[in-house]
Amino acid sequence: MALGQRRALEPFDILHYQFDISLNDTSNVVFVKARIIISYSDKVPEYTILDLASPSGETGMKVTALTINDTSVPFEHRSDQLKISTPPSIHRGDTSEVYVSYTGLPDNGLIISKNAHGDRTFFAEHWPNRAHRWLPVVDHPSEKATCEFIVNTPSKYKVVANGDLQNENEINPGWKRTVWKMSQPISAKVMVIGVAEFTTKKLDDKGMITAWVYKKSAEKALNDFAEAPAIFKALENLMGEYPFSKCDQVESTTRFGGMENAGNIFYPEKSLEGKQKINATIAHEIGHQWFGNAVTEKDWADIWISEGFASFLENYWVEEVLGKEKLQAKLEKEEAKILNYQKKNPKQTVIQQNFDHLDNLMNALTYDQAAWVLRMLQHKVGKEKFRQIIFTFYERFKFSAASTQDFIDVANEVSLLDLSNFFQQWYYMPGAPKVAYNWKYRKKKLVLEFEQLTNYVYQLDVDIQVKYQNMNFEIKQVKLWEREQTIEFSCDEPSEIVVDPLNIVLGRFHEK
């Protein structure tokens with residue numbers, strides 16, 4: 001099956017997942033009872049298909065029992081899909097409950113290992129579509145549901161998961177059960193548990209943000225998370241009310257530099273050095289709670305909606321807290337990174353339709369260029385109008401999934417402009433502008449000559465800073481839409497011309 005097509009084939013909708021999970025210290029085998037509530041609002045398919053890793057050698061999940069509405073039904077489990085015969089008693093508009101009991105050794109999705117202190121840990125790591133390596137789900141970002149984790153562990157462990165803690169009880173000598181429930185619909189990619197010998201600390205007065213850190217490295221990790229409440233507040237001031245009930249900061253033993261799991265963000269232990277070097281990462285991951293988690297990309301090609309917005313909000317925090325100079329220095333590095341990536345991948349675009357592996361979508365275009373496009377859009381329409389665009393987009397698609405076209409439609413609607421070409425050239429065209437220019441002053445006029453050197457002729461709004469001998473300056477804006485253009489301004493004689501002084505336009509301008 002082609003990547004990205006999985007969800008489009010399903011006529012049903014998952015409403016809720018409940019996972020009753022038993023973990024132990026004697027082996028890495030998991031025991032799971034899953035309860036899945038499914039709505040057949042569109043039509044009733046012959047088969048109800050869930051994603052779940054098939055048994056393969058020593059790994060994979062072995063289904064031991066399966067029922068729909070308490071009735072055993074035939075099923076096939078192969079090629080990592082659980083193909084269930086839908087009972088004829090189910091009709092359009094019905095809601096059913098699927099119960100799946102199984103056991104197995106995860107080969108991915110749940111990382112069972114030891115942390116740097118030699119202590120055993122269990123961390124779900126589902127991005128992009130690895131939840132099904134140990135959980136029965138529709139493993140696609142557009143399928144969103146509420147979820148509940150019931151986790152049975154040895155008593156020494158603490159368990160963190162999405163949503164609100166329902167209870168934590170001893171069930172047998174040396175064993176306890178922890179229950180977390182998420183009331184907002186989220187994608188499987190950000191449904192997770194973390195199990196370790198944690199110590200916890202509330203980081204804010206409201207109890208919204210809790211640090212979950214390893215006992216043996218608590219001091220360092222807590223110092224790294226100290227600014228999380230201030231970062232949270234800065235982003236909430238821009239975006240409005242936070243979409244979930246908590247925003248936990250969790251030390252973890254995983255592969256990513258940060259993972260935006262809904263309401264409980266994972267950071268790898270190796271990055272927690274006690275020096276507060278991960279504040280920008282914290283801003284990025286908290287930004288994901290609005291974009292990526294509350295508003296989710298409709299398909300893999302739309303992943304910039306998650307990563308581009310989070311990178312933009314990260315840069316927003318840098319400018320608001322660290323200042324414009326820090327932002328400009330960061331942008332210079334990011335622009336070089338984008339252009340270097342484009343050079344190595346000359347046909348690739350932000351909206352990438354063809355890819356060999358979902359991990360390939362994590363690149364300088366879907367992160368940095370997509371964030372840069374948002375910054376250019378802000379400059380084009382103005383800060384207040386831009387804020388209206390992103391807030392309207394967020395409110396319209398909160399707790400659902402959106403496409404790139406959905407965002408373009410909102411931007412056109414709110415701005416009262418036709419931005420089709422703007423998005424076409426930045427999302428769907430490879431590369432970036434290269435513009436040569438020169439200037440001269442004659443007959444009390446500044447004469448600017450521009451030449452676009454790329455095959456594609458961009459439509460660009462470019463600021464020109466005109467500096468004068470008395471140290472004053474003014475900003476002129478030019479619209480470049482032809483391969484060669486000459487533009488004149490009446491003004492006093494300038495001492496210097498700076499094209500794109502704030503580095504708004506992605507690309508290169510050089511004087512002939």
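- By the side chain to side chain contact (heavy atoms under 4.5 Å, CB included) test, Ser245 is found to be paired with Asp164, residues two or more places apart in sequence or in another chain being considered.
- For the atom pair Ile464 CD1 and Glu474 CD, the distance stands at 11.5 Å (nearest 0.5 Å).
- For Arg508, the salt bridge (charged side-chain N to carboxylate O under 4.0 Å, His left out) partners at least two apart in sequence or on another chain are Glu335.
- Remark: Phe312 engages Phe386 in a ring-ring contact (aromatic ring centres under 6.0 Å, His included) (not counting sequence neighbours).
- Side-chain N/O atoms of Gln465 and Glu496 include no donor and acceptor closer than 3.5 Å.
- By the 30° and 60° cut-offs, the orientation of the rings of Phe19 relative to Tyr17 is parallel.
- Remark: side-chain polar atoms of Gln289 are paired, donor with acceptor, to backbone N or O of Glu260 under 3.5 angstrom.
- Residues His140 and Asp299 bring a donor and an acceptor atom of their side chains to less than 3.5 Å of each other.
- Side chain to side chain, Asp463 and His379 meet the donor-acceptor criterion of an N or O pair below 3.5 Å.
- Annotation: Glu219, atom CD; neighbour count of heavy atoms from other residues, nucleotides and ligands within 6.0 Å does not exceed 12.
- The side-chain hydrogen bond (donor to acceptor under 3.5 Å, both in side chains) search around Lys220 returns none, not counting sequence neighbours.
- Put simply, the side chain of His288 never gets that close to the backbone of Glu307: no donor and acceptor are under 3.5 Å apart.
- The environment of Asp359 atom CG is dense: over 12 non-hydrogen atoms of other residues, nucleotides or ligands sit within 6.0 angstrom.
- Between the side chain of Asn162 and the backbone N or O of Val190 there is at least one donor-acceptor pair closer than 3.5 Å.
- For the ring-ring contact (aromatic ring centres under 6.0 Å, His included) test, residues two or more places apart in sequence or in another chain that qualify with Tyr427 are Trp304, Phe423.
- Residues satisfying the side chain to side chain contact (heavy atoms under 4.5 Å, CB included) test with Thr210, not counting sequence neighbours, are Thr200, Lys202, Trp212, Asp248.
- Using the six-membered ring where Trp is involved, Phe309 and Phe407 have ring planes that are perpendicular, over 60° apart on the 30 and 60° scheme.
- Side-chain N/O atoms of Gln348 and Tyr341 include a donor and acceptor closer than 3.5 Å.
- Although no hydrogens or angles enter the test, the distance criterion places no donor-acceptor pair under 3.5 Å between the side chain of Asp368 and the main chain of Glu334.
- Side-chain atoms of Lys246 and Asn264 form no donor-acceptor pair, as typed in the model, at a separation below 3.5 Å.
- With salt bridges taken as basic N to acidic carboxylate O contacts below 4.0 Å, none links Glu197 and Lys158.
- Shown here are the salt bridge (charged side-chain N to carboxylate O under 4.0 Å, His left out) partners of Lys398, two or more places apart in sequence or in another chain: Glu395.
- For Phe122, the ring-ring contact (aromatic ring centres under 6.0 Å, His included) partners are Tyr157, not counting sequence neighbours.
- In this structure Lys479 satisfies the side-chain hydrogen bond (donor to acceptor under 3.5 Å, both in side chains) test together with Asp461, sequence neighbours excluded.
- Asn472 CG: more than 12 foreign heavy atoms inside a 6.0 Å radius.
- Closest approach of Tyr468 and Pro494 over heavy atoms only: CD2-CA, 3.9 Å.
- Taking Thr296 as the reference, Pro141, Lys144, Ser187, Lys189 meet the side chain to side chain contact (heavy atoms under 4.5 Å, CB included) condition, with sequence neighbours excluded.
- In this structure, the side chain of Arg387 engages the main chain of Leu238 through a donor-acceptor pair within 3.5 Å.
- A salt bridge links Asp119 to Lys216: one of the charged nitrogens lies within less than 4.0 Å of a carboxylate oxygen.
- Residues Ser271 and Asp224 share a closest heavy-atom pair of O-OD2, 4.2 Å.
- The backbone N or O of Leu15 sits less than 3.5 Å from a side-chain atom of Thr146, completing a donor-acceptor pair.
- Although no hydrogens or angles enter the test, the distance criterion places no donor-acceptor pair under 3.5 Å between the side chain of Glu269 and the main chain of Ser252.
- Scanning for ring-ring contact (aromatic ring centres under 6.0 Å, His included) contacts around His132 gives an empty result, with sequence neighbours left out.
- Contact annotation: the side chain of Ile265 approaches that of Cys247 to within less than 4.5 Å [non-hydrogen atoms, C-beta and beyond].
- Side-chain N/O atoms of Thr254 and Tyr267 include no donor and acceptor closer than 3.5 Å.
- Minimum heavy-atom separation, Leu322 to Lys326: O-CG, 3.5 Å.
- A search for side chain to side chain contact (heavy atoms under 4.5 Å, CB included) contacts involving Ala161 returns Phe149, Trp180, Ile193, not counting sequence neighbours.
- For Arg130 (side chain) and Trp127 (main-chain N/O), a donor-acceptor pair under 3.5 Å exists by modelled atom type.
- The cationic group of Lys476 lies under 6.0 Å from the six-membered ring centre of Phe489 and within 45° of the ring axis, placing it in a cation-pi geometry.
- Remark: Thr178 OG1 to Glu168 CD distance equals 4.5 Å, nearest 0.5 Å.
- Heavy atoms from other residues, nucleotides or ligands lying under 6.0 Å from NZ of Lys330 number more than 12.
- For the atom pair CZ of Phe244 and CE of Met208, the computed distance is 11.5 Å after rounding to the nearest 0.5 Å.
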task = Would you please test Trp372 and Leu331 for side chain to side chain contact (heavy atoms under 4.5 Å, CB included) and show each step?
result = CA-CA 9 Å; Trp372 204 293; Leu331 289 172; 3.9 Å; yes
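- With Leu365 as the fixed residue, the side-chain contact (heavy atoms from CB on, under 4.5 Å) test singles out one of Thr349, Asn345, Val350: Val350.
- Between Gly308 and Ala370 the shortest heavy-atom distance is CA-CB, 3.7 Å.
- Ring planes of Phe198 and Phe123: perpendicular class, angle over 60° (limits at 30 and 60°).
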request  = Under the side chain to side chain contact (heavy atoms under 4.5 Å, CB included) rule, what do Glu236 and Trp290 come out as? Steps first, then yes or no, please.
outcome  = CA-CA 9 Å; Glu236 194 173 41; Trp290 283 274; 4.3 Å; yes
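- In the displayed structure, Glu325 atom CD is contacted under 6.0 Å by at most 12 heavy atoms of other residues, nucleotides or ligands.
- No hydrogens or angles considered: a donor-acceptor pair under 3.5 Å links the side chains of Thr404 and Asp302.
- Classification of Asp406 and Lys298 as a salt-bridged pair holds, one side-chain N sitting under 4.0 Å from a carboxylate O.
- Between the Asn108 side chain and the Arg133 main chain, no donor and acceptor come within less than 3.5 Å of each other.
- A distance-only check finds a donor-acceptor pair linking the side chain of Asn363 to the backbone of Asn360 [under 3.5 Å].
- When all heavy atoms are compared, the tightest approach of Met259 to Glu285 is C-OE1, 3.8 Å.
- A salt bridge links Glu319 to Lys324: at least one charged side-chain nitrogen sits closer than 4.0 Å to a carboxylate oxygen.
- Heavy atoms of other residues, nucleotides or ligands lying less than 6.0 angstrom from CZ of Phe473 number 12 at most.
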